[in-house]
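The structure under discussion appears below in the form of structure tokens.
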2 protein chains.
Amino acid sequence: MTSAHRSSWQDIRDTLQGRVLDRTYRPGDKLPRDEDIAEELGCARSTVQRAMQDLADAGVVERKRKGGTHVRPDPVTRAVLDIPITRVEVEAKGAVYGYQLVHQAREMTPLSVAASFGLSAPEEMLHVEALHLADQRAYVFEDRWVNLESCAEIEAVDLTRDSANEWLVRNKPYSRCDVRLYAVNADDRIAERMEAMPGAALLVIERTTWLGDVPITTVRSVTRPNYQLLTQKA
Amino acid sequence: MTSAHRSSWQDIRDTLQGRVLDRTYRPGDKLPRDEDIAEELGCARSTVQRAMQDLADAGVVERKRKGGTHVRPDPVTRAVLDIPITRVEVEAKGAVYGYQLVHQAREMTPLSVAASFGLSAPEEMLHVEALHLADQRAYVFEDRWVNLESCAEIEAVDLTRDSANEWLVRNKPYSRCDVRLYAVNADDRIAERMEAMPGAALLVIERTTWLGDVPITTVRSVTRPNYQLLTQKA
DNA sequence: TAGTGGTCTAGACCACTAA
DNA sequence: TAGTGGTCTAGACCACTAA
């Protein structure tokens with residue numbers, strides 16, 4: 001008790017989560033109705049609802065109309081990753097950001113790229129390869145395809161100065177983004193660019209974005225050796 | 001217009017997000033006050049508040065008291081990963097789950113493990129290595145350390161039958177979980193276990209959990225070749 | 001079909017912070 | 001210190017779904 005405030009929804013959430021943690025409510029157990037909890041804890045039902053919504057979002061409980069609220073029997077670890085613009089990420093580490101355009105051309109998409117967009121046939125798109133640097137050293141190698149039907153304006157942009165990453169983020173908001181994470185062995189070309197040993201294990205972050213049903217861009221970001229992706233908090 | 005319902009907070013959110021997408025509100029722009037938006041769109045202020053909360057959670061806008069609501073100038077890609085129990089993950093793919101205990105012993109933690117927990121000195125913990133299988137083939141190799149001060153009961157569990165993963169999830173809820181993702185080259189030992197080529201690039205998922213300030217477990221899950229981690233949706 | 005969660009409203013008061 | 005977002009309340013009605 002730090003004060004005489006009314007209970008906030010966060011107090012209610014903490015109380016309920018505490019009961020899950022100390023096993024008053026066990027995995028699979030049914031919790032009382034929101035209304036009963038509200039009465040017990042002396043707050044409005046909508047305050048309990050707000051707290052429960054948060055616990056449900058966090059994967060702690062599951063709620064169903066008429067079925068009630070249950071402690072999740074198979075808890076999942078829910079990790080939230082924030083992937084910023086590469087420049088911002090580098091600067092946040094206190095390093096000097098650098099950028100080099102490696103390749104830019106209209107090309108037919110390989111099948112893998114068409115597949116990321118859910119297209120059945122290859123299409124001509126803008127293919128851009130670029131290297132992001134932190135303190136003069138390779139940080140991320142970006143292999144990107146941009147849909148010219150939705151982003152025709154990008155052909156007028158000088159990509160030797162501004163990265164496609166930056167331009168797209170500022171000019172092409174998206175409504176959907178799929179992310180895919182995996183590991184690859186550096187081939188000779190990547191190894192040279194990334195100052196890595198050939199065969200080194202590198203983390204790849206692949207992102208594909210759409211506005212509505214219209215593809216915008218897909219990008220394969222190969223990170224430097226020993227790169228790690230961290231989550232915020234639970 | 002599909003019906004004559006009152007506007008829901010999701011309608012309001014979609015309307016506002018639409019204005020961000022079509023650049024009525026541009027990156028950095030200030031939006032009207034909640035109250036004015038409520039009046040314009042014909043709903044209660046709390047409905048706008050609910051919609052705005054969702055947009056702020058999604059990283060679309062930033063809100064500050066007195067400062068108002070602004071479209072985020074540096075949008076981040078926010079990815080949500082659900083990491084289930086390995087058995088559940090394998091079964092969800094329609095494969096048959098299998099499990100083998102490889103090693104179990106009390107040992108002093110290496111420095112890297114002590115560091116994960118924020119400990120300054122090594123401590124004796126339970127070290128468990130196990131292999132998870134999907135359709136008889138290696139799926140995830142799990143290298144785990146369990147804090148015996150918080151999880152003494154685990155020494156009474158027959159880990160040749162039930163995986164530590166499963167037992168902990170069901171018996172040791174946590175309040176904090178750090179996740180770390182990176183790539184490694186398979187060493188000879190891992191390569192043999194994972195049926196991979198030595199040097200193959202493998203994705204590693206490292207998780208460390210606490211209850212309050214008390215460490216529970218840290219686990220390094222080395223995934224099989226070509227494993228991919230996907231997000232839900234944006 | 002009855003019970004439970006989901007949402008909306010109007011009004012009040014509070015908490016933070018830009019000016 | 002005034003303006004804006006954050007939250008609570010009480011009551012109403014709705015939407016889903018287990019029984």
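Since this is a predicted model, take the numbers as computed values, not measurements.
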- Item | OP1 or OP2 of C/dG5 under 4.0 Å from side-chain N/O of A/Thr69 | yes

- Could you spell out the base pairing of DNA chain D in dot-bracket, with Watson-Crick or G-U pairs whose two distances are under 3.5 Å, [ ] crossing and | to another strand? ||||||||||||||||||.

- Integer-rounded Å distance: C/dC8 P and B/Arg13 CZ: 11 Å

- Task: Could you state the atom-to-atom distance from CD1 of A/Ile37 to P of C/dG5 in whole Å?
- Result: 8 Å

- Query: Within the distance-only criterion (no hydrogens, no angle test), does the side chain of B/His70 pair as donor or acceptor with the backbone N or O of B/Gly28 below 3.5 angstrom?
  - Reply: yes

- Query: Within less than 4.0 Å of OP1 or OP2 of D/dT7, is there a side-chain N or O belonging to A/Gln10?
  - Reply: yes

- Task: Using whole Å, report how far CZ of A/Arg63 lies from C1' of D/dT17.
- Result: 15 Å

- Query: Could you state the CZ-P distance from A/Arg65 to C/dT4, rounded to the nearest angstrom?
  - Reply: 14 Å

- When rounded to the nearest 0.5 Å, the distance separating CG of B/Leu229 from CG of A/Leu81 is 8.0 Å

- Could you state the interatomic distance from CZ (A/Arg33) to OG1 (A/Thr69), rounded to the nearest 0.5 Å? 11.0 Å

- Taking all heavy atoms of A/Trp145 and all of A/Phe117, pick out the closest pair and write down the distance. O-CZ, 4.4 Å

- Polar side-chain atom of A/Arg78 near backbone of A/Asp57 as donor-acceptor pair, under 3.5 Å: yes

- Query: Any side-chain N or O of B/Arg33 less than 4.0 Å from the OP1 or OP2 oxygen of D/dT4?
  - Reply: yes

- Side-chain N,O (B/Gln49) to OP1/OP2 (D/dG5) below 4.0 Å: no

- Report yes if a side-chain nitrogen or oxygen of B/Thr47 is closer than 4.0 Å to either non-bridging phosphate oxygen (OP1 or OP2) of C/dT9; otherwise report no. yes

- Tell me: CG of A/Asp34 to C1' of C/dG5, nearest whole Å? 6 Å

- Using whole Å, report how far NZ of A/Lys66 lies from C1' of D/dA18. 5 Å

- Item | Protein-nucleotide distance (B/Asp36, atom CG; D/dG3, atom C1'), rounded to Å | 12 Å

- Message: On DNA chain C, compare the nucleotides closest to A/Ser46 and A/Gly67; which residue's is nearer the 5' end?
- Response: A/Gly67

- Note on the structure: Looking only at C/dT4, D/dT9, C/dA12, the nucleotide nearest the B/Arg45 side chain is C/dA12

- Query: A/His70 NE2 to C/dT4 P: how many Å, rounded?
  - Reply: 11 Å

- Which of these passes salt bridge (Lys or Arg N to Asp or Glu O under 4.0 Å) with B/Glu166: B/Arg161, B/Lys172, B/Arg144, B/Arg87? B/Arg87

- Message: Which heavy atom of A/Asp162 sits nearest to which heavy atom of A/Tyr99, and what is that distance?
- Response: O-OH, 3.9 Å

